[in-house]
*Asks:* 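Pasting in a structure now, in structure tokens, and then I'll have a few things to ask.
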Amino acid sequence: MKTLVVIPNYNHSTYCRKLLKNIYYDILVIDDGCNTPFEVKDKAKNLTIYRNAHNKGKGFCIKVSSVYAIKNNYTHILTIDADMQHDPTYIDKFIEKSKNNIFVYGKRNFSVNMPKSR
């Protein structure tokens, strides 16, 4: 199994950089036309950054990442939000569930107080 973690990012670069530190799978960040292009000072080998010239939306980012995954022989794609609303500590659980399922979908817990900015 070869897994790609996809992070569509539109103007959440500060959160996204923090998120990257907690992911050890191959990562594709889609900079969806951020006002300031997404960059990482110490780019890890497992990180690829793709930039859309302007904002095209999360759905388009997932299409782009799917094409990238197919071209690079990935068997699984896991998407996670750049604004840290998804806890990366659950990635391994999703990977484990995907061994017996074609599609695995998570749901955020909205009973926890979430900052209005997110």
*Asks:* Can a donor-acceptor pair be found, under 3.5 Å and without considering hydrogens, that links the side chain of T79 to the backbone of V6?
*Replies:*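 No; judged by distance alone, with no hydrogens or angles, the pair does not exist.
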*Asks:* Taking atom NZ of K18 as the centre, report whether more than 12 heavy atoms of other residues, nucleotides or ligands fall under 6.0 Å from it.
*Replies:*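 Counting neighbours around NZ of K18, 12 or fewer heavy atoms of other residues, nucleotides or ligands fall under 6.0 Å, so no.
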*Asks:* Is the shortest side-chain heavy-atom distance between I91 and T3 below 4.5 Å?
*Replies:*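 Side chain of I91 against side chain of T3, heavy atoms only: no contact under 4.5 Å found.
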*Asks:* For residues I80 and M1: do they belong to one hydrophobic cluster (side chain heavy atoms under 4.5 Å, members Ile, Leu, Val, Met, Phe, Trp, Tyr)?
*Replies:*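 Same cluster.
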*Asks:* Considering all heavy atoms of both residues, which atom of C34 and which atom of N9 are nearest to each other, and what is their separation?
*Replies:*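 Nearest pair, atom of C34 first, then N9: SG-O, 3.3 Å.
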*Asks:* NZ/K56 to NZ/K63 distance, rounded to the nearest 0.5 angstrom?
*Replies:*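 So the gap between those two atoms works out to 11.0 Å.
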*Asks:* Taking all atoms of both residues into account, what is the closest heavy-atom pair of A82 and Y15, and its distance?
*Replies:*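 Here A82 and Y15 meet closest at O-CB, 3.2 Å.
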*Asks:* Roughly how far, to the nearest 0.5 Å, is the OG atom of S98 from the CD1 atom of I77?
*Replies:*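 I77 atom CD1 to S98 atom OG measures 11.5 Å (nearest 0.5 Å).
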*Asks:* Say whether, by atom type as modelled, one donor and one acceptor occur between the side chain of N72 and the main chain of Y74 under 3.5 angstrom.
*Replies:*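 Not confirmed, N72 side chain does not pair with Y74 backbone.
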*Asks:* Which heavy atom of V40 sits nearest a heavy atom of L47, and at what distance?
*Replies:*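 The answer is CG2-CD2, 3.9 Å.
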*Asks:* Is the shortest distance from a Lys or Arg side-chain nitrogen in D81 or K58 to a carboxylate oxygen in the other one below 4.0 Å?
*Replies:*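 Yes, this pair counts.
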*Asks:* Test of understanding: clusters of I, L, V, M, F, W, Y form through side-chain heavy atoms closer than 4.5 Å, transitively. Do I62 and L78 belong to the same one?
*Replies:*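 No, it is not one cluster - the side chains of I62 and L78 are not joined through contacts under 4.5 Å.
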*Asks:* Is there a side-chain contact between V29 and L20, using heavy atoms and a 4.5 Å cut-off?
*Replies:*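 When only atoms from C-beta onward are counted, L20 and V29 do touch, with a gap below 4.5 Å.
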*Asks:* Which atom names give the shortest non-hydrogen contact between Y50 and N52, and what distance separates them?
*Replies:*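 So the minimum-distance heavy-atom pair works out to CE2-OD1, 3.1 Å.
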*Asks:* Checking T36 against S13 for the side chain to side chain contact (heavy atoms under 4.5 Å, CB included) test, could you report, in this order, the C-alpha distance in whole Å, the side-chain angles of both residues, the deciding distance, and whether it holds?
*Replies:* CA-CA 9 Å; T36 303; S13 295; over 6 Å; no
*Asks:* Pick from I30, D83, N35: which one makes a side-chain contact (heavy atoms from CB on, under 4.5 Å) with Y10?
*Replies:*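 Answer after filtering I30, D83, N35: N35.
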*Asks:* Taking a hydrophobic cluster as the set of Ile, Leu, Val, Met, Phe, Trp and Tyr residues connected by side-chain heavy atoms closer than 4.5 Å, whether directly or through intermediates, do M84 and V5 fall within one such cluster?
*Replies:*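 Both belong to a single hydrophobic cluster.
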*Asks:* Keeping N46 on the side-chain end and Y25 on the backbone end, is there a donor-acceptor pair under 3.5 Å?
*Replies:*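 Yes, N46 side chain to Y25 backbone: donor-acceptor pair under 3.5 Å.
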*Asks:* Applying a strict under-4.5 Å side-chain criterion to I, L, V, M, F, W and Y, I'd like to know whether Y24 and Y90 cluster together.
*Replies:*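 Y24 and Y90: separate clusters.
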*Asks:* If you group Ile, Leu, Val, Met, Phe, Trp and Tyr by side-chain heavy-atom gaps below 4.5 Å, do V67 and I7 land in one group?
*Replies:*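 No, V67 does not connect to I7 through the hydrophobic network.
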*Asks:* Just to verify, what does D31 make a salt bridge (charged side-chain N to carboxylate O under 4.0 Å, His left out) with, not counting sequence neighbours?
*Replies:*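 Listed in chain order: R51.
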*Asks:* Can you name the closest pair of heavy atoms from L19 and P88 and give their distance?
*Replies:*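 That would be CD1-CG, 3.7 Å.
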*Asks:* Which atom names give the shortest non-hydrogen contact between H54 and D32, and what distance separates them?
*Replies:*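 Heavy-atom minimum between the residues: O-OD1, 3.8 Å.
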